[in-house]
Structures are given as structure tokens and as C-alpha cells.
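Here the structure comes first, spelled out in C-alpha cells, and everything after it is commentary.
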Protein chains: 2
Amino acid sequence: MGDDRRVETTETAPPTGREAVERAALGMFEEQGYAGTSVRAIAGAAGVDPALVIRWFGSKEDLFLRVLSLTEKPVPDLTGPLDTLGERLVAFALAPGQRDVRRDLTALVRASDSSSVRSRLRQITRTLFVERLVERLDGPNAELRSHLIASQLGGLLQSWDVAEDQNVAAASRDRIITLYGAALQALIDPPVE
Amino acid sequence: MGDDRRVETTETAPPTGREAVERAALGMFEEQGYAGTSVRAIAGAAGVDPALVIRWFGSKEDLFLRVLSLTEKPVPDLTGPLDTLGERLVAFALAPGQRDVRRDLTALVRASDSSSVRSRLRQITRTLFVERLVERLDGPNAELRSHLIASQLGGLLQSWDVAEDQNVAAASRDRIITLYGAALQALIDPPVE
DNA sequence: CGACGACAGTCAACACCGTTGACTCAGGAG
DNA sequence: CTCCTGAGTCAACGGTGTTGACTGTCGTCG
């Protein structure tokens with residue numbers, strides 16, 4: 001309702017006020033984190049008065065949550081043979097093309113002092129990952145196992161980012177895929193007992 | 001050198017200035033995170049001028065790093081049979097008695113926008129965990145596998161905290177120990193290939 | 001056509017933050 | 001006694017997120 005966006009607007013055209021703020025905010029939040037980017041800096045980059053940013057989006061945290069929703073980001077492919085899904089998930093998580101997603105998740109984790117951010121984090125892992133994975137898992141405790149697999153992947157991303165290519169270089173990515181994939185696989189395969 | 005701490009000081013005696021600041025800082029950082037606690041609040045709780053806190057410790061971040069060093073915190077026991085070490089590690093990480101350590105690590109992760117905090121995080125996992133575990137692992141890639149096991153545990157702690165006993169209640173802790181322990185075990189056991 | 005109300009945008013200010021410089025003042029050395 | 005050094009105090013700086021009062025512009029109605 002009332003969505004009167006111009007049809008002939010090119011993709012790279014200077015975006016309108018609100019959109020400019022959202023783009024600037026996303027970029028700066030990804031790059032410098034929540035605490036490291038100020039509302040005034042976002043407003044400056046978007047050519048807008050800082051007070052307007054608050055007017056439009058409610059608060060800095062509301063803007064943060066709106067812009068880091070991770071909707072319209074690619075989602076891991078859970079189809080295909082189950083017995084190699086572990087490796088495929090790790091490969092997906094560490095793929096160079098997923099750097100944006102990794103940075104978004106990192107930014108969210110680092111801002112998760114706030115309970116609304118934690119809630120958003122829960123919602124993201126649940127709807128984008130756990131709910132989709134649980135339908136493919138056989139055996140008991142499928143939902144708990146899905147959550148634990150999400151934890152494994154989260155831990156890997158966390159370490160990958162903290163390590164800063166210091167010990168885990170790109171050369172060892174293949175080995176990580178094999179090894180960590182096997183660890184995921186231990187939770188993908190139905191428990192033996 | 002110069003460590004003239006009184007011998008007869010009882011443990012609960014009102015601590016001297018610097019010590020009072022450190023205790024207040026640790027408690028508030030654990031409880032409300034780095035961004036959520038102000039130098040002024042720490043100084044107020046310790047009954048000290050805010051400027052003195054900066055004088056004594058250099059900066060808020062320096063105080064944070066000094067107080068969250070995780071030295072003198074219990075360290076996981078890596079002795080005992082290797083084929084059940086996975087479960088024991090998970091049980092240790094989720095033990096009620098380790099709540100302080102979990103909160104310390106959480107606070108560090110959430111403050112890891114700063115590269116010095118990331119460096120401290122790297123140092124902690126390396127010296128308190130990886131270096132000790134790598135000597136017990138057989139088979140190839142022992143160091144990388146140790147790092148990956150640390151990642152798994154970090155992811156579990158992260159999820160455990162974000163979940164806020166919403167889905168993973170204390171009742172399912174035993175199941176988590178079994179399941180996630182098996183996942184750790186996949187990296188503890190030497191790769192088959 | 002002119003008056004009016006709603007509303008987007010602007011600006012200064014608030015309370016708070018981490019940090020610093022100038023100051024006071026007690027205590028030891030010459 | 002005088003001087004000096006060091007610790008503790010206080011006000012202030014530049015920065016933060018946010019808000020209230022103000023402006024100007026536009027559509028609507030008498």
C-alpha cells in the first residue's frame with residue numbers, strides 16, 4: 001500500500017533518503033560493528049540530518065535490526081545426499097561468496113548484549129536453518145540435533161573471524177571442510193544407539 | 001616486587017582502591033557487558049573518582065582486558081580415557097559451576113569488535129585449551145583439529161547463552177552432552193582415512 | 001483565491017560517555 | 001623551613017543517542 005517506487009529508477013541511481021540511510025547503515029554496521037558506527041556517521045554518509053534517522057527508524061538499534069534481517073541473503077542448500085551434507089554445509093559457510101553473510105552474523109553476535117538482538121539471532125537461525133534442516137534429519141531428537149549443528153556452524157564462523165587468517169589460512173580450508181564436515185555429520189546421521 | 005599486600009586481610013574485607021575497582025569492573029562487565037557498563041558506574045561502585053580509574057588502568061578497554069584474563073579460572077581436565085573425552089568436555093563446559101567462565105567468554109566475544117579483544121580471545125583459547133589438547137591427540141592435523149574442537153565448544157557456549165533456556169532447558173543437558181560429545185569425538189578420534 | 005492544518009525537515013540542546021589537563025595538597029629530602 | 005614529587009580531585013572537552021521546539025512547504029477547504 002502506497003509503495004509508489006519509480007519503475008524507471010536504475011539500480012545505481014542515487015537512492016532516496018530512507019534507502020540511502022539503510023544502505024549506508026548496512027555497510028557501516030558490517031564493516032565497523034554496532035558500537036563502532038555512529039548515527040551521525042550514517043546520516044553524514046547518506047547526506048541526511050542525524051535527527052531524521054532517529055525519526056525514520058525509531059532508534060539506532062531499530063535501524064540495526066531492520067538492516068541486518070538477513071532476508072534476501074542466500075540460504076544453505078539442504079537438498080542432495082544426506083551422508084555428505086556435513087561437508088557441503090561447511091563448504092557453504094566458508095565460501096568466499098558468503099563473506100557478507102558472515103559479517104552480518106558476526107555483527108549480530110557482537111551486538112548481542114541486547115536481548116532484542118539475541119531474539120533476532122534466535123529467529124534467524126531458527127527460520128533460516130533449523131526449521132529447514134529438521135525436516136531432512138532422520139532419527140530421534142531431530143530438532144535438538146539441528147540446533148546443535150547450527151551451534152557448530154556458528155562456532156566455526158566465530159573462530160574463522162577471530163582467527164583473522166592467522167592460523168587457519170585459505171590453504172587449509174579444504175582440510176577444515178573435510179574434518180569439520182565429519183563433525184557435523186556426527187549429528188546429521190541418526191544416533192546409533 | 002613491592003607486593004606489600006597485608007597478610008591478615010580477611011577475604012571479605014573492604015578491598016583497597018585498585019582492587020575494589022577491579023572487582024566492581026569484573027562483576028559489571030560479566031553482568032552487563034562491555035558497552036553496557038560505564039567507567040563512571042565502575043568508579044561509583046568502587047567509591048572512587050572516575051578519572052582515577054583511567055589513571056590507574058590506562059583506559060576502559062585496558063581495564064576490561066586486565067580483568068577478563070581468565071587466569072585463575074578452572075581449566076578443563078584433559079586427562080583420562082580419550083574415547084570419552086568429548087562427552088567430558090561438553091559436560092565441563094555446561095556445568096553449572098562454570099557459569100562465570102561462560103559469562104567471561106561471552107563478554108569477550110561480544111566485545112570482539114576491538115582487535116585487542118580478538119587477540120586476547122585467541123591467546124586464551126590457545127594457551128588454556130588448544131596447546132594442552134594438542135598433546136593428547138593422535139593422528140594427523142592435531143593442531144587444526146584442536147582449534148576446530150575449540151570452535152565447537154565456543155559455538156555451543158554461544159548458543160547456550162543466546163538460547164536463554166528457551167529451547168535448551170536443563171532437562172536436555174544430558175542429551176546435549178551425549179549428542180554434542182559425539183560430535184567433538186569425531187575430531188578427537190584420529191581421522192580414519 | 002486566501003487561510004489553515006498537517007507534516008517533513010532543521011537546529012539546538014539534553015544527558016551521558018571516555019578521557020585529559022590543571023589544580024590541590026600531603027609528605028619526604030635537602 | 002623550603003622545595004619537590006606524587007596521588008587524588010574537579011571541571012572541562014569532544015563525542016554519543018535522542019528529543020523538543022521551530023521552520024517551511026504543500027494540499028485542502030471555506
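Note that the structure is predicted; figures quoted are calculated from it, not measured.
Other residues, nucleotides and ligands contribute more than 12 heavy atoms inside 6.0 Å of the CD atom of A:Gln123. A 6.0 Å sphere centred on CZ of B:Arg136 holds more than 12 heavy atoms belonging to other residues, nucleotides or ligands.
Contacts between residues 55-69 of chain A and DNA chain D, defined by a heavy-atom separation below 4.0 Å, involve A:Arg55, A:Ser59, A:Lys60, listed by number. Residues of residues 33-49 of chain B that place a heavy atom closer than 4.0 Å to DNA chain D, in numerical order, are B:Arg40, B:Asp49.
Not counting sequence neighbours, B:Asp189 has no partner by the salt bridge (Lys or Arg N to Asp or Glu O under 4.0 Å) test. With sequence neighbours left out, the side-chain hydrogen bond (donor to acceptor under 3.5 Å, both in side chains) criterion links A:Thr79 to A:Asp77. With sequence neighbours excluded, the residues forming a side chain to side chain contact (heavy atoms under 4.5 Å, CB included) with A:Pro81 are A:Asp83, A:Thr84, A:Arg88, listed by chain and number. Applying the side chain to side chain contact (heavy atoms under 4.5 Å, CB included) rule to B:Val117 yields the partners B:Glu61, B:Phe64, B:Leu65, B:Leu108, B:Ala111, B:Ser112, B:Ser114; only residues at least two apart in sequence or on another chain are considered. A:Ala150 is linked by a side chain to side chain contact (heavy atoms under 4.5 Å, CB included) to A:Phe129, A:Val130, counting only residues two or more places apart in sequence or in another chain. The side chain to side chain contact (heavy atoms under 4.5 Å, CB included) check on A:Asn141 picks up A:Leu144, A:Arg145, B:Arg175, B:Leu179, with sequence neighbours excluded.
When DNA chain D is scanned in the 5' to 3' direction for atoms under 4.0 Å from non-hydrogen atoms of chain B, the outermost contacting nucleotides are D:dG8 to D:dA12.
Atom CD1 in B:Ile54 sits about 4 Å away from atom P in C:dT19, given to the nearest Å.
A salt bridge links B:Arg23 to B:Glu19: one of the charged nitrogens lies within less than 4.0 Å of a carboxylate oxygen.
Of the inter-residue distances, the one linking A:Thr125 atom OG1 with A:Arg122 atom CZ reads 9.0 Å to the nearest 0.5 angstrom.
For residues 111-120 of chain B, every residue pair satisfying the salt bridge (Lys or Arg N to Asp or Glu O under 4.0 Å) rule, not counting sequence neighbours, is listed here: A:Arg110-B:Asp113, A:Glu164-B:Arg118.
Each end of the helix from C:dC1-D:dG30 to C:dG30-D:dC1 yields a helix axis from five base pairs, and these two axes differ in direction by 40° (to the nearest 10 degrees).
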Scan the side chains in residues 96-107 of chain A for donor-acceptor partners under 3.5 Å anywhere in the protein, sequence neighbours excluded, and list what turns up.
from: A:Arg102; atom 1: NH1; to: A:Ala93; atom 2: O; distance (Å): 2.8
from: A:Arg102; atom 1: NH1; to: A:Ala95; atom 2: O; distance (Å): 2.8
from: A:Asp104; atom 1: OD2; to: A:Lys73; atom 2: NZ; distance (Å): 2.8
from: A:Thr106; atom 1: OG1; to: A:Arg102; atom 2: O; distance (Å): 2.8

